[in-house]
Amino acid sequence: MFESRIASPFAGESDAIASLGPIGRAVLRCREADIGSISDKLGIALPRAACRSESNGPSSALWLGPDEWLLLHADLQDDWVSRLAAHLEGELCSLVDVSHRQVALAVQGARAAEILASGCALDLSPRAFPVGMCTRTMFARAEVVLWRTGSMSFHLDVWRSFARYVEALLREAESEN
Amino acid sequence: MLIIPCPYCGERPELEFSYGGQAHIDRPLAPSDLSDEEWNSYLYVRANPKGRHAERWRHIHGCARFFNAVRDTRTDHILATYKVGEPEPEIPA
Amino acid sequence: MTTGHFRTPSGGRIDRSRPLRFSFDGRSYSGFEGDTVASALLANGVHLVGRSFKYHRPRGIMGAGPDEPNALIGVRRDQGRYTPNLLATQTELYDGLDAVSQNRHPSLEKDRMAVNDRFSRFIPAGFYYKTFMWPRKAWDRLFEPRIRAAAGLGIAPSESDPDSYAQRYAHCDVLVIGAGPAGLTAAMEAAKSGAQIILCDDRAAMGGSLLAANQVTIDGAPAARWLAGMLDSLAGMANVTLLPRTSAFGYYPHNWIGLAQKLTDHLADAAPGQPRERLWQVRAKQVVIAAGAIERPLVFPDNDRPGIMLADAARTYLQQYGVEVGRKVVIVAAHDNGYRTAHELKDAGIDIAAIADIRGDSPVAARARQAGLRVLTNAAIDGTTGKLRVASITLTSGGKRETFACDAVLMAGGFTPSVHLFSQSRGKLMWNEDLQAYLPDQSAEAERSAGACRGHFALDEALADGAEAGRSAAEAAGYPFRPAIIPLACAVAHPVGGGGHIGAAPTSDPSRPKAFVDWQNDVTAADILLAAREGFLSIEHVKRYTTTGMATDQGKLSNINALGIVAEATGRTIPEVGLTTFRAPYTPISFGTLAGRARRDLLDPARITAINDWAIEQGAVFEDVGNWKRAHFFPKNGEDLHASVARECLAVRESVGIFDASTLGKIEIVGPDAAEFMNRFYVNAWTKLGVGKCRYGVLLREDGFVLDDGVVGRLAPDRFHVTTTTSGAARVLGMMEDYLQTEWSDLDVWLTSTTEQWSVIAVQGPKAREVIEPLVQGLDLSPDAFPHMSIADARICGVPMRLMRVSFTGELGFEVNVPSGYGAMVWQAIWERGQAHDMVAYGTETMHVLRAEKGFIIIGQETDGTVTPDDAGLAWAIGKAKPDFVGKRSLARPAMTDPDRKQLVGLLTRDPRIVLEEGAQIVAPAAEDRSIGHVTSAYHSSVLGKSIALAMVRAGRARLGERLEVPMPGGSIAVDVVAPVFFDPKGDRVNV
Amino acid sequence: MQRFSAFSLFRQGLDRQKGWKNQWRKPDPKPAYDAIVVGGGGHGLGAAYYLAKVHGIRNVAVLEKGWIGGGNTGRNTTIIRSNYLFDESAALYDHALKMWEGLSQELNYNVMFSQRGVMMLAHNIHDIQVFKRHIHANRVNGVDNEWLTAEEAKDFCPPLNIDPNVRYPVLGAALQRRGGTARHDAVAWGYARAADALGVDIIENCEVTGIRRDAAGAVSGVETTRGFIASQRVGVSAAGHSSVVLDMAHVRLPLESYPLQALVSEPVKPIFPCVVMSNTIHAYMSQSDKGELVIGAGTDAYTSYTQRGGLHIATETLAAICELFPQFRRMRMLRNWGGIVDVTPDRSPIIAKTPVKGLYVNCGWGTGGFKATPGAAHLFAHTMARDEPHPINAPFTIERFRDGYLIDEAAAAAVAH
């Protein structure tokens, strides 16, 4: 039998920049009218407020657009999305498994926002980017999903093929003092 | 770097957006009924005004939505942004 | 090593306990911590620091800041760290600093090019437009090379720069630019409101004019102590970021400001790896510009000798650096700052030979006389002497001409507000007649100016103006109004007002030609008069014709005097003449700082697949495709491209090959209207495509030209798996979203990119099924159960798989899609299975050859944005019954149905060994000077044992069987036009 | 016209250059002209010159809303080349290049045309295919353009970094040796002076505010900030402002105006011998006679008339420049500015009659206008004088968009598979 471990593209590991292991991901798209019933079936309230997230145990729903959410599940199982799909049977929506499309880094510690500011043009002060806020944005020339999970911790989701580029830039910023 | 107020996400830097050209040019419902001249105007002819311009933007690296903006091409100041399907807002001079 | 003879015994802000050694043009000198190269050279009595651009006249230090036109030096840290054109006045001294002068040969003292000065009357402004035209060839070979050799100042670095540069985005409520009196009070008042503040200043020490404000008290305390207290409390505030050594160089739309921060240039040895400079891109809700003002020089004959400098610079060198710029000084003044300078220098024991005021008598003049100073009023300035240093100045006053021996002449022409950033922000300037200055008027951005840069020159005014600006800025940024500010009481021993002189100073000897307006570019008053005489009346024309204001100081000293001279010469007022636009940057900014971290691999993302590392281990050679790195070929034991590709091709045809197709774009299209969307978007008809089946799709731009293609599989009635070309992926998805969001909101369908969800492992060749079958679970791969152009979800190696039976090679083929985290593992498993069948890994080149043998087009190779489906032989794909699809209408335009359009054909060289060159042109034997087409693809086909080519040829399909020519430098190559399918034309091999 | 020469310069020198006169007069507008050219850039001034010189139409006015040469003529990076792919483009730009080769003598004004060679870098296999296609097509059309290996490219331009281990290695280059640069201001001034000498009125600070048409709909003159000026022949050569001017006659064209940025470094001694362009990483560079490194950046993404753009354009361009030429990383940016370029859907110009009788247009040059200056001016004058295009500009009509006969140089440089 084959050892079906999920490969990580990241090269390094540090307190400030650590890779987050395999995470279940799915993109959910639906019309506004159906948000309620779909939330019920998912067992998590899809945020209606722009750039906000909801969490329920290992599951989180990140608002990416008015009809688009990124569903996350802390530990990845190959059938997680198909089980979700089964729950949504009969709903008018699109659910697509993107668990492997992206990989995630945690950027954390007192310098987290400063390190991110080396490539992210958003205002990352707690006032403008509070805990729980999430958005697609750019880090240098790579599109990322940035999610503030704590006052000094961010979850950075990046498309797999950009992972080493983004990590290398973050490491350079980390090395500045 | 323009700062563009996305109707969904609020003010964001230009680098999250892609420009989509003049707004309110609807694709003809039956293109085959159009003359070459009419098709040409739909396809290529643009107002390109020096002054107020209603134009399409997409928050491609944000909420990914298309929306419209009224921008003064003499100053690059953005006077309004609004969602697709909404009419161009009246803005006092 | 000479020591600082001109250093005062005490005083200044330098650290006398920390002496530093440095060298200039190979000679060794000493200075102190806190010196600039300029102040340290002056302390050693060195004024001569450069040669001018055109006449190579000896030049000395004129200023003490970013306005310096003469003191440009090169600084060398090591082989890779040489920086030309640095301002000595802004270069902080460090131990061991090695500086050289520029634009002289062999030495500053003896410069051969100085002969230019003697011919100067024959080489006025713009002379080069009038000559060097005959003989024609002489321009390229003789004149231009000489002009170029003479031009330029420093020498460019010759080595790659080992330093790194950092970048940071920042946001604040109030950005205060300039930490002089107004900037400090602005920052403090704004900070008190709780707003987030950034205060930047281009100098090492904050304080601006307060750094040299002796004989001044604020709130009863000496200015220096007040300043220290102010900086301490600002530093102590959590909402304040202080950025010294940081120049605000550019004001961009929507309050986006560029700052350049120097990090290591002032250090003798920087910690390894630390960035040299940092680019800050600041988005500020409100901006306070407190940029101060720049003293104007006076335009009089021979006003450019070393030792002739700005009065306030001399004051600054004395008060801030403890340096005497001379022992015997004459001050030429059109402004009270000349008197202040005279008093302060005199108090320091410097002999003031005279103050020559071009204005009439005044209370300040009287006070100076009382203080025992010699004052000439209504003075005319007739010229100076001195070869490498000024030796005397001749003045006329009250009809009496006198020559004064001196070793320094100080010019006080009045102050020009620094409106550069305000003007960059597109704010409107207005001419102020009383102050004789352009001042900020209407703002274009959320910004306000404060202090001297808007004409508040007096210290108490500047302090109050700054405080008010800071308060109102904070308020505008959303921080509530607070009680009025208590103005600070200031005592200034020698107050200076506004006014001053603009244009050429009065002289009783107008025949003397060399009255300089722009020192660095050697532009004289006479040059500007010449330009006016030749009809260059717009100030922009004057600037471009004479080059005044175009040197590295960007006219900080010269622009306003040039304006005055043009105004006078053309009988217009200064506002009538106008003002040249101020362009970013305020001071020159390192390329590296702007480039930042984007170097080598970080210039642009190199996108890599999950199989990339395996390919590297196998010694693959890579090619760039869009942002992707793709394996181009897999050479074995020293093979070149052709040998490797020949081997790879044969193996695929005879047995089996494995290919990483992960970079292909993938989009999952889901919703009840998915098929309708596909019908409107692609040229093909989709309604009848069965679940579990695939179809080749073609996509046009609305202008009718082929944009992209790819295989589309139907997973369910309401779900399609769409593939695109590698670099077309983003473009196609973006275009789909555009139509869906803005035109077809009636459709219930959603798009999700799955490009990177899947690793795509193409297994192609007669043995393909045998290789993967044992690894696949839950799917019958037999030809009947899973025929060509099938798609299904199943499992492989215990992980999820989406399998497509498709072929871009003409062989039996499968594309194994697995979640990319499993890509490497599944690839390895298939590879190991494949060894029993001599499986090869092949790259993009082999893929190209195999598909060319089959006549399959590649977007971007056969097509180039000017090709219709019919041109490319894809008319069969068009759903004829469909009333409309993207691009359909355009296909009906006259040009698109022109029978003479280029069409895809095959070409066979008469000599099968000759492989045509891609891009080669094609002509008919009859008309060899007119191209009728071009070769789009050409390869040696190892399976066919001959060369093959695809081409786009005018009316090509009507030319089948014709003989055409491919003209090459070495002669024409004969080719026969054939159908564009060279191998297995019936297509039997995919159906095994 | 006062003749310019080394001798006149010397003679004037004896008199301290006091004897020089206006290079062009400052006339007030006459009530009427045989022809009016709107726009005092190189293209407009040149058109007026050739109307007078070639077609004997001397009663001509050039109307410039500001100062001549103040638009894209004075803002571009002065690159001149003609190695275009399609027959129509190659003919157009090579016509211009041939005229450049004699322009200084023609105008008795040194425009400093410098055939230093223009080298376009190939960074991937697709670039190589595209450039070789250009080279072969150019050869058939008699336009010089040759392929260089990376090593040959470095010999031609020593600062070039050909290290294969960079993000976008240099795989080779296409070189047009006849290409080069010229002094942009001198082109405007030279044409102005020569046209003036033939009787052309060059009227600055005169903005066109309206286009008047007679009952039949034909052009009868232009309203300006200095009053109405009559003419039955009006040529619009207003670059970025073409849409604005043509709108006055209710003529709408397939044009959009974008900011195009450029920048220069501080002047240094000669270090960079030619022009280098990289379309793949969007940067091009040459060194001016003054010693400045002249660097062309990209256009901003949105239409605008502000003649400026964002900081991110300069940062991206300089990142590319620093990769191609790492030794310049410590050089410094002295000036950064923007122009307004009018772009057509196929990125090729329009030099043609308009639907309005007597109204002609020369526009849509995008980023390529300067290199075409003499040729475009010459062809535009022909079109205005004869009321029909010259064979070379015949394909560059407005109607080609309606009919689909595009001349799409940019598309032909396609995107890699």
Side-chain angles (χ1 to χ4, degrees), chain C residues 83 85 121-122 124 127 129-133 144 147-148 151-157 160-161 252 258 530 533-535 538 540-541 544 552 583-584 588-592 594-595 598 600-601 603-604 623-625 725 727 858-861 864-866 893-896 918-921 931 934, chain D residues 4-6 9-10 13 16-17 20 22-24 67 70 104-105 109-110 114 124-125 129 132-133 136-137 140 166-167 185-186 266-271 289-291 310-311 314-315 318-319 322-323 326-337 403-405 408 411-412 414-417:
Chain C
T83 318
N85 296 343
R121 63 164 48 192
F122 302 112
F127 74 97
Y129 299 127
K130 295 179 171 134
T131 181
F132 302 143
M133 289 177 270
E144 189 186 33
I147 289 179
R148 285 179 170 260
L153 285 164
I155 294 160
S160 176
D161 178 6
Y252 297 89
L530 170 65
R533 207 178 303 127
E534 293 196 76
S538 153
E540 283 286 355
H541 277 161
R544 287 155 178 267
T552 60
R583 287 167 170 164
I589 303 302
S590 302
F591 285 6
L594 292 158
R600 298 196 72 87
D601 285 352
L603 175 66
D604 203 22
E623 70 162 323
D624 285 301
V625 181
T725 61
S727 46
I858 284 185
I859 300 294
Q861 187 150 351
D864 62 4
T866 69
R893 294 180 296 174
M896 315 296 261
E918 287 166 354
Q921 299 297 298
S931 167
H934 69 282
Chain D
F4 288 167
S5 70
L9 200 60
F10 173 77
R16 291 226 152 83
Q17 311 291 339
W20 294 113
N22 275 345
Q23 293 195 4
W24 62 90
W67 38 281
S104 293
Q105 293 70 25
Y109 208 104
N110 190 350
S114 173
N124 55 50
I125 290 167
Q129 292 167 336
K132 289 200 169 171
R133 183 180 168 192
H136 289 299
V140 173
V166 296
R167 181 66 189 87
D185 295 326
E266 297 174 315
V268 287
K269 293 297 178 189
I271 183 73
D289 285 349
K290 254 193 105 212
L311 173 58
T315 57
L318 286 171
C322 289
E323 276 311 288
Q327 76 188 75
F328 295 145
R329 206 170 278 272
R330 291 176 99 89
M331 295 281 293
R332 299 189 296 174
M333 176 172 82
L334 178 60
R335 276 192 310 280
N336 174 206
W337 66 91
D403 300 337
Y405 287 98
D408 201 335
V415 185
H417 37 82

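In this text, all values refer to a predicted model and were calculated from it rather than measured experimentally. In what follows, chains are A, B, ... by sequence order, proteins preceding strands, each numbered from 1.
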(Q) I need the minimum non-hydrogen distance between D/Asn110 and C/Thr131, along with the two atoms involved. (A) ND2-O, 3.0 Å

Q. Which heavy atom of D/Phe328 sits nearest a heavy atom of C/Ala156, and at what distance?
A. CE2-CB, 4.1 Å

**Q.** Flag if over 12 foreign heavy atoms under 6.0 Å of CD1, C/Ile155
**A.** no

Q: Kindly indicate, with the supporting measurements, whether the criterion side-chain contact (heavy atoms from CB on, under 4.5 Å) is fulfilled by D/Gln23 and C/Tyr129.
A: CA-CA 12 Å; D/Gln23 293 195 4; C/Tyr129 299 127; over 6 Å; no

Q.
I need the residue from D/Asn22, D/Val140, D/Asp185 with the largest number of non-hydrogen atom pairs under 4.5 Å to chain C.
A. D/Asn22

Q) What residues, two or more places apart in sequence or in another chain, satisfy ring-ring contact (aromatic ring centres under 6.0 Å, His included) together with D/Phe4? A) D/Trp20, D/Tyr109

**Q.** Cationic N near anionic O, under 4.0 Å, C/Asp604 to D/Arg167
**A.** no

**Q.** Sub-4.5 Å side-chain heavy-atom contact between D/Arg133 and C/Gln921
**A.** yes

Q. Would C/Arg600 and D/Val166 count as a side-chain contact (heavy atoms from CB on, under 4.5 Å) if you check the C-alpha gap in whole Å, the side-chain angles of each, and the deciding distance to 0.1 Å?
A. CA-CA 5 Å; C/Arg600 298 196 72 87; D/Val166 296; 4.0 Å; yes

Q | Parallel, tilted or perpendicular, as decided by the 30° and 60° cut-offs, for the rings of C/Phe122 and D/Phe10 | A | parallel

Q | Top of D/Ala314, D/Ala6, D/Gly70 for chain C proximity - count of heavy-atom pairs under 4.5 angstrom | A | D/Ala6

Q. Looking at D/Lys132, D/Glu266, D/Arg16, which one has more heavy-atom pairs under 4.5 Å with chain C than the rest?
A. D/Glu266

(Q) For chain C, which candidate among D/Gln327, D/Met331, D/Arg330 shows the most heavy-atom pairs at distances under 4.5 Å? (A) D/Arg330

Q.
Between C/Glu144 and chain D, with a heavy-atom cut-off of 4.5 Å, which part of the residue counts as in contact: side chain, backbone, both or neither?
A. side chain

Q.
Please classify the contact of C/Ser590 with chain D as side chain, backbone, both or neither, using a heavy-atom distance under 4.5 Å.
A. both

Q: Give the minimum heavy-atom separation between C/Ala598 and D/Glu323, together with the two atoms involved.
A: O-OE2, 4.4 Å

Q: Give the minimum heavy-atom separation between C/Met133 and D/Gln105, together with the two atoms involved.
A: O-NE2, 2.9 Å

Q) Where on C/Leu530 is there a heavy atom nearer than 4.5 Å to chain D: the side chain, the backbone, both, or neither? A) side chain

